[in-house]
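Encoded as C-alpha cells, the structure appears first; notes follow it.
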Amino acid sequence: MTVTTRFAPSPTGRLHLGNLRAALINWLFAKANGGRLLLRIDDTDAARSEERFVEAIRADLAWLGIDVAGEERQSARFDRYEARFAELVAAGRVYPAYETPEELELRRKVLLGRGLPPVYERAALALSQADRARLEAEGRRPHWRFRLDHDAPIGWHDLVRGEQRFEAARLSDPVVRRADGSWLYLLPSVIDDIDMGVTTVIRGEDHVSNTATQIQMFASLGAGLPEFAHVALLTGAEGKLSKRLGATGVDEFRAMGIEPEAVVAMLARLGTSDPVEPLVDRAPLIAGFDFARFGRAPARFDEAELHALNARIVHQLDWARVQAQLPEGMDRAGWEAIRANLSTVAEAADWWQVVTGPITVPALSDEDRAFVAEAAAVAESIDWAEASWAALTGALKQATGRKGRALFLPLRLALTGREHGPDMAALLPLIGRDAAILRLRAAA
Ligand code: GLU
C-alpha cells in the first residue's frame, strides 16, 4: 500500500506558520516512505471559504517546494458524504438532536457547577418518534450527532505521542452536521481519508480528541484505521506563540527576505531531537525524517534563529537559484563575491551599487589621502589580469612600509566608501581597473 498523507487546510485565510509546518511534515514523511502527499481543500464551510485562499494555498506550497500528488475538494464530494451519512443514520450511529446552542450552554454550566465533566447527556437519544414530530412541528430542525459506542475502548499508537487511550463515555457524541445541513469537519474528513487511501494522518496535537471520536467513525464505516501522528504545537521563544508570529505566512517571510530553504530547514527540525542546520538541500531532511525524533514538548519557534539560519542559507545559494532576485547586470562572479556578506538576497543590491557606483567616500586624513594618491599611481602600473588586489597591496606595502589595517582600510574606504564588506580580492576585479583608479584619485 502506498504511503499516503494529506494536508487539509480550510481556505478561510492564508496559511500560517503552524499550517506550513503541518504541510512540510506530511510531505517529508511521504517522501521518506516513497509515498505521496495529497492536498485536500476543506471547504465545507461555503460562507467562509474563498477561491483566492485556495489559490494562495497552492502558491504557498509551491514556494516552499512542497509538491502534491493530487488535489481534492470537500465541496465536490457532498453527494458522497450524503450517502455515507444516510448509512450511519440507518444504522443508528448518527441521530438527530434538537437542543439550541443556548440550551446546550446552560446544561454545560449546570454540569460544570456540579463539578461534573460537561459531556452531552444524550437527551436526544431518549426522544420518541412522537417527540421528534412535535419538535419539528414547532419549527425546530435537528442537528446530527455521531453516537459513540461507550463499550468500545478507544486507543491508538500515536507515532509521536505513543499509546493513547480514551474512554468513550467521557466524550460528548460529536456533532457532525448542522441544522442547516452543512457539514462539520469530523465526518467528511474520515470519509475522505477512507476513500483516498490515506495511510497516515499527520496533524497538530490540538486534534487528539477529534481523533478519539474519528476512530469510531472509521469503524462505523467499515474501514480499517490509518496511522496517526499528532505533533506538538509551536510556541514562541518566550512561551506562547504571539498573535503576530502565529499569523506569519509566506508573504511575511518573503517580505523579510527569508528564503523558502530557510523556512523548510527550520520547520523540519523544530521540536525534534535533531539540530536545526542550514541545509539548502532537502535530501538529508527527508532521509533523516523519523517521528521517533519528535518530542512531545511544544516546539519553540525563535524568529531571530530563523534570520540567522536564513543568512547561512543565503551564503550557500547558487547564482542560478537567486539570479531572478538580483539587480540587473549582477553576474555569477558578483554574486559569489558578495553572498557571504548578506543576511538576505535583497541586500545584494546595496553591494552591487558599491561595485557599480557612484559611491560616497568619507573624508580621509591628509596622510591617508597621500597614501591613496600613491595607490592610484600604483594601480595604473599593476597587471589587472589576475590577483589585482594582491598586486596592488603588495606593491604599496613595498613602497610605503604600511601594513595591516593602515594599508587596507584607506584603500577599502576609497574604493567602496565602507569600512567593512566583502573580500576586496573578489570585489576589486568587479569594480575594474578604470573605476578603481578614478575612485582612488577622487578620494585623494
Ligand atoms: N481542516 C482541518 C484543519 O485545518 C484538517 C485537520 C486534519 O488534518 O484532519 O484543522
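Note that the coordinates shown come from a computational prediction; the quantities given were computed from them, not determined experimentally. Counting starts at 1 for both ligands and their atoms, following the listed order.
Ring pair Phe166/Trp156 is parallel by interplanar angle, where below 30° counts as parallel and above 60° as perpendicular. Note: Trp183 and Tyr81 have perpendicular aromatic rings, judged against thresholds of 30 and 60 degrees for the angle between ring planes.
The option with the heavy atom closest to atom 1 (N) of ligand 1, from among Asp206, Asp43, Asp42, is Asp42.
A cation-pi contact, defined as under 6.0 Å to the ring centre and within 45° of the axis, links Arg418 to Trp351. Remark: Arg40 is not positioned above the aromatic ring of Phe7, lacking an NZ or CZ atom under 6.0 angstrom from the ring centre and at most 45 degrees off the axis. Judged by a 6.0 Å distance limit and a 45° cone about the ring axis, Arg14 is not positioned over the six-membered ring of Phe53.
Taking every non-hydrogen atom of Ser10 and a distance limit under 4.0 Å, the qualifying atoms of ligand 1 come out as 1 (N). If you number the atoms of ligand 1 from 1 as listed, the ones under 4.0 Å from a heavy atom of Arg203 come out as 7 (C), 8 (O), 9 (O). With ligand atoms numbered from 1 in the order given, ligand 1 contributes 3 (C), 6 (C), 10 (O) to contacts under 4.0 Å with heavy atoms of His207.
Scanning for side chain to side chain contact (heavy atoms under 4.5 Å, CB included) contacts around Ala435 gives Ile431, with sequence neighbours left out.
Considering both main-chain and side-chain atoms, Ala8 comes within under 3.5 Å of ligand 1 through a nitrogen or oxygen pair. At a 3.5 angstrom cut-off on N or O pairs, Tyr185 counts as close to ligand 1.
For atom 8 (O) of ligand 1, the closest non-hydrogen atom on the protein side is Arg6 NH1, 2.8 Å.
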